[in-house]
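Notes follow the structure.
This structure is a prediction, so every number in the text was calculated from the model and none was measured. Hydrogens, waters and symmetry mates play no part in the numbers below; they use all other heavy atoms, side chains included.
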Amino acid sequence: MIEMPLEFVAGSLALSTSGMSAAVTGLSVNPAEIWTVFHVETSGCGFLSDRRPPILFERHIFSRLTNHRFDIADVSNPQPGGYGPSGANQYLRLANAIQLDRAAALQSASWGLAQIMGSNFAQAGFGDVESMVAAMSDSEDAQLAAFVAFLQTNRLDRHLQAHDWTSLARGYNGPSFAVNQYDTKLAQAFQQFSNGPLPDLDLRAAQLYLTFAGFKPGPVDGVLGANTRSALLSYQQQQGLPQSGQADAATLASLIPGVSV
């Protein structure tokens with residue numbers, strides 16, 4: 001049986017130094033502030049192991065966008081909730097909604113590292129939701145650029161610059177942010193990233209691509225732990241590369257999806 005390719009799988013490229021540098025310049029912050037938001041939203045990873053960007057489908061948004069026409073379905077309900085497990089399960093919910101109204105379905109999910117709602121495509125710098133989803137599926141750099149645009153459009157960058165986590169939480173997560181202690185989580189994450197080492201982007205990219213390849217490097221956090229080193233050694237041995245246990249240039253080039261070396 002021929003397996004059909006998954007929708008929403010494209011470049012699946014990891015965050016780059018140039019992408020982070022552009023965001024730091026655009027927002028007038030340091031990388032720690034950016035990692036703070038990403039850590040709270042998605043634990044800092046913009047792709048699932050199957051190479052699709054992480055999403056969260058919001059049934060109440062779908063209900064509103066479709067004027068409640070599908071409220072008999074479990075993917076359309078005026079009340080938030082019904083999320084179920086994260087990860088691939090959210091794409092099952094999205095697929096059910098797409099069968100009813102594709103544009104509304106895509107707008108009813110939050111996408112990527114920063115979990116930007118599809119309905120906010122214009123504020124994130126896109127002409128339509130399909131363009132936004134395509135960019136989110138292509139790279140974490142695109143996800144980051146969308147985050148920058150969204151903050152700038154809504155004048156939330158000033159709160160990030162000032163480390164005003166309460167104001168940022170209210171503008172970014174909505175008026176009910178305190179229910180999940182969103183501002184507290186931001187403050188705690190910032191302390192972690194401002195006091196400790198930041199993710200090594202090359203190592204983080206290797207972890208992401210190793211995950212795609214079926215290895216088990218542990219979390220995509222840019223830290224060289226035992227699991228990551230073991231996964232690197234296994235991959236290098238499999239590919240006939242020097243077994244350094246490091247995310248060296250030859251290993252990283254070999255790992256990039258769709259690139260042959």
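- In this structure, CG in L48 is found 10.0 Å from OG1 in T42, a value given to the nearest 0.5 Å.
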Handout entry: Test side chain to side chain donor-acceptor pair (under 3.5 Å) applied to Q236 and S244, step by step
Key = CA-CA 8 Å; Q236 289 164 343; S244 65; 3.2 Å; yes
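- L210 is not connected to V223 by any chain of hydrophobic side-chain contacts under 4.5 Å among Ile, Leu, Val, Met, Phe, Trp and Tyr, and they are in different clusters.
- Between T66 and S76 the shortest side-chain heavy-atom distance falls below 4.5 Å.
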Handout entry: Candidate pair Y235 and S254, rule side chain to side chain donor-acceptor pair (under 3.5 Å), full reasoning
Key = CA-CA 10 Å; Y235 178 81; S254 173; 2.6 Å; yes
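- Counting only heavy atoms from C-beta outward, the side chains of F212 and S49 never approach each other to under 4.5 Å.
- Remark: Q192 CD is packed, more than 12 non-hydrogen atoms of other residues, nucleotides or ligands lying under 6.0 Å away.
- Checked for salt-bridge contact, E140 and R204 meet the test: a charged N lies under 4.0 Å from a carboxylate O.
- Judged by distance alone, the side chain of T228 and the main-chain N or O of P217 form a donor-acceptor pair under 3.5 Å.
- Using a cut-off of 4.0 Å between Lys/Arg side-chain N and Asp/Glu carboxylate O, R69 and D101 are scored as salt-bridged.
- Between the side chain of K185 and the backbone N or O of N180 there is at least one donor-acceptor pair closer than 3.5 Å.
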Practice task
List the steps and the verdict of side chain to side chain donor-acceptor pair (under 3.5 Å) for N227 and S230.
Solution key: CA-CA 5 Å; N227 289 337; S230 177; over 6 Å; no
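- At least one side-chain heavy atom of L224 sits less than 4.5 Å from a side-chain heavy atom of R229.
- Remark: side-chain polar atoms of S139 are paired, donor with acceptor, to backbone N or O of A142 under 3.5 angstrom.
- One side chain, Q115 or S110, offers a donor N or O that lies under 3.5 Å from an acceptor on the other.
- By the 30° and 60° cut-offs, the orientation of the rings of H163 relative to F190 is tilted.
- Donor-acceptor pairing under 3.5 Å is lacking for the side chains of S12 and Y209.
- The closest donor-acceptor contact from the side chain of D183 to the backbone of A169 lies at 3.5 Å or more, if one exists at all.
- For Q191 (side chain) and L186 (main-chain N/O), no donor-acceptor pair under 3.5 Å exists by modelled atom type.
- Atom CG in L208 sits 12.0 Å away from atom CG in D221 (nearest 0.5 Å).
- In terms of modelled atom types and a separation under 3.5 Å, the side chain of D248 and the main chain of T251 share a donor-acceptor contact.
- Within the 4.5 Å cutoff, the side chain of R59 has no heavy atoms near those of the D74 side chain.
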Handout entry: Residue pair Y83, Q90: steps toward the side chain to side chain donor-acceptor pair (under 3.5 Å) verdict
Key = CA-CA 7 Å; Y83 298 107; Q90 296 301 314; over 6 Å; no
Practice task
List the steps, then state whether ring-ring contact (aromatic ring centres under 6.0 Å, His included) holds for F147 with F38.
Solution key: CA-CA 10 Å; F147 171 67; F38 288 174; 5.3 Å; yes
Handout entry: Residue pair L168, D164: steps toward the side-chain contact (heavy atoms from CB on, under 4.5 Å) verdict
Key = CA-CA 6 Å; L168 179 64; D164 182 351; 6.0 Å; no
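- Counting heavy atoms from C-beta on, the side chains of W165 and L160 come closer than 4.5 Å.
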Handout entry: Chi angles and distances behind the ring-ring contact (aromatic ring centres under 6.0 Å, His included) call for W111, F8
Key = CA-CA 11 Å; W111 296 83; F8 311 115; 5.5 Å; yes
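- Of the possible polar contacts, one joining the T153 side chain to the Q123 backbone as a donor-acceptor pair under 3.5 Å is found.
- Between the CD atom of Q143 and the CE atom of M132 there is a distance of 9.0 Å, given to the nearest 0.5 Å.
- Within the 3.5 Å criterion, the main-chain N or O of E130 finds a donor-acceptor partner in the side chain of D128.
- Under a 3.5 Å cut-off, the side chain of N120 and the backbone N or O of I116 do not form any donor-acceptor pair.
- Counting only N and O atoms by type, the side chains of D71 and S63 include a donor and acceptor under 3.5 Å apart.
- A 4.5 Å side-chain heavy-atom check between L94 and I98 finds at least one atom pair inside the cut-off.
- Using cut-offs of 30° and 60° for the angle between ring planes, the F57 and F62 rings count as tilted.
- Remark: the backbone N or O of G222 is paired with a side-chain donor or acceptor of Q207 at under 3.5 angstrom.
- Contact of the F121 side chain with the V133 side chain is not registered, since no non-hydrogen atoms from C-beta on lie closer than 4.5 Å.
- From Q99, atom CD reaches atom CZ of F70 across 11.0 Å, with rounding to the nearest 0.5 Å.
- Pairs passing the salt bridge (Lys or Arg N to Asp or Glu O under 4.0 Å) check and including a residue from residues 27-55, sequence neighbours excluded, read D50-R52.
- In this view, D138 satisfies the salt bridge (Lys or Arg N to Asp or Glu O under 4.0 Å) rule with no residue, not counting sequence neighbours.
- Judged purely by distance below 3.5 Å, without hydrogens or angles, the side chains of S108 and E58 never pair a donor atom with an acceptor atom.
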